[in-house]
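Reminder, nothing fancy here: chain letters follow the sequence lines and each chain counts from 1. Quick caveat, the model's predicted, so the values are computed rather than measured. Hydrogens, waters and symmetry mates play no part in the numbers below; they use all other heavy atoms, side chains included.
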2 protein chains.
Amino acid sequence: MTETRWLTSDEREAWVRFAAVLELLPGVLDSQLQRDERLTHFDYFVLAMLSEAPDRTLRMTALATRTNATLPRLSRVVTRLEEQRLVARSPSADDRRATDASLTDAGWRKVVHAAPGHVANVRDSVIDALTPAQVVQLRSISDAVLGRLDPDGKLFASGS
Amino acid sequence: MTETRWLTSDEREAWVRFAAVLELLPGVLDSQLQRDERLTHFDYFVLAMLSEAPDRTLRMTALATRTNATLPRLSRVVTRLEEQRLVARSPSADDRRATDASLTDAGWRKVVHAAPGHVANVRDSVIDALTPAQVVQLRSISDAVLGRLDPDGKLFASGS
DNA sequence: AGCAATTGGTTGCTTCTACAAGTAAACGGA
DNA sequence: TCCGTTTACTTGTAGAAGCAACCAATTGCT
């Protein structure tokens, strides 16, 4: 164990505030969608990823990668969404181990209905609080951090 | 409902990446502490807040505010930490409804032991991925967002 | 003083997530 | 071709978080 490099005061101030955002923002995102659409943010994200995929269909593993979920987690979420008839499972044609998840018409309507409120919330909570320059900075910063968190860039098969 | 203001491409790129960070970072923070110290990040933060307080003691409500937790959540976490003898509860002197939470000596040693690894992880995952300029930008951005998430600034009684 | 409303905290219940184990299909040598 | 290994997914189980209901102490109004 080498000598600890403590944070400088600039670093500490940035980190403390960023950590607070990290703690608060997920709750804000979740509660708007929960209140207005009875969806968690993760549910919404799953539906949104499917809505952008060819045929509105993805294999479970691919969907798990895009949403950064573990497979067990995704499996349960898809089960729940399936019970609500927003998503349908079907065995994959080319690999009988695999399962495809597809957005149903009802699921598509749900995403379309939910998107405006969600976007408004994202604007309200984050984007509109920033200057255009800060938006660009946030992108670079997030890129840099993602480089550490997700070195293989698995999370970004598509631009989303 | 007025016309939806969709995100511009700059905004979308920033948001998608930031959302990914939001999804990944908590897990990274948690697992290092879990693995090395058997603490969640939230546990650690509770202990850290106590360690900085006068007499290493805070009222439950004050501690909940500083850690941005609901009181039910904090109550259970403190129960758990109490079982591990890291924290002790005592009835407050001036208000018999209130409860003070104090760091025990073992709790203090735990924080001191855990801090270097945690700081190293924060450096590794975030700070060292950024230029000094970006660290400053991150602070401003977080401040701006916090202004929306936490308009009353409850979260920042102390600088932490 | 006496009662209603508020504040401080804990607990019951339900939902969500993670980890680990289990099943089934597919691949890859000997 | 047969068997061991890997891949794809599901399920059992246990830990954590939120909401709402709850009790106890305090404050404020009359």
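Between the NE2 atom of A:His41 and the P atom of C:dC16 there is a distance of 16 Å, rounded to whole Å. Counting to the nearest Å, the C1' atom of D:dA8 and the CG atom of A:Asp100 are 12 Å from each other. One interatomic measurement links the two molecules: CD of A:Glu23 to C1' of D:dA16, which rounds to 13 Å at whole-angstrom precision. Protein atom CG of B:Asp43 is 14 Å distant from nucleotide atom P of D:dG15, rounded to whole Å. Between the P atom of D:dT11 and the CE atom of A:Met60 lies a distance of 10 Å, rounded to the nearest Å. When rounded to the nearest whole Å, the span between CZ of B:Arg59 and P of C:dT7 equals 13 Å. In this structure, A:Glu82 atom CD and D:dT11 atom P are separated by 11 Å, rounded to whole Å. B:Arg35 places its CZ atom 12 Å from the P atom of C:dC19, with the value rounded to the nearest Å.
By the ring-ring contact (aromatic ring centres under 6.0 Å, His included) test, A:His118 pairs with A:His41, A:Tyr44, sequence neighbours left out. For the side chain to side chain donor-acceptor pair (under 3.5 Å) test, residues two or more places apart in sequence or in another chain that qualify with B:Arg80 are B:Asp43. A:Arg38 pairs by the salt bridge (charged side-chain N to carboxylate O under 4.0 Å, His left out) definition with nothing, not counting sequence neighbours. Residues meeting the salt bridge (charged side-chain N to carboxylate O under 4.0 Å, His left out) test with B:Arg85, sequence neighbours left out: none. Under the salt bridge (charged side-chain N to carboxylate O under 4.0 Å, His left out) criterion, A:Arg97 pairs with A:Asp95, sequence neighbours left out.
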May I have the list of side-chain donor-acceptor pairs in residues 69-78 of chain A shorter than 3.5 Å, sequence neighbours left out?
unit_1	atom_1	unit_2	atom_2	d
A:Thr70	OG1	A:Arg73	N	3.3
A:Arg73	NH1	B:Glu23	OE2	3.2

Exercise. Could you please spell out the steps behind the side-chain contact (heavy atoms from CB on, under 4.5 Å) verdict for A:Gln32 and A:Asp124?
Key: CA-CA 12 Å; A:Gln32 178 268 328; A:Asp124 235 50; over 6 Å; no
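Listed in residue order, the members of residues 88-97 of chain B having a heavy atom less than 4.0 Å from DNA chain D are B:Asp95, B:Arg96, B:Arg97. Only B:Leu71, B:Pro72, B:Ser75, B:Arg76, listed by number, bring a heavy atom of residues 71-80 of chain B to less than 4.0 angstrom from any atom of DNA chain C.
Between A:Ala69 and B:Thr99, the one whose closest nucleotide on DNA chain C sits nearer the 5' end is B:Thr99. Judged by closest nucleotide on DNA chain D, A:Ala98 is the one of A:Ser31 and A:Ala98 placed further toward the 5' end.
Among pairs with a residue in residues 98-111 of chain A, those fulfilling salt bridge (Lys or Arg N to Asp or Glu O under 4.0 Å) read A:Glu37-A:Lys110, at least two apart in sequence or across chains.
The CG atom of A:Leu86 lies 5.5 Å from the OG1 atom of A:Thr104; values are rounded to the nearest 0.5 Å.
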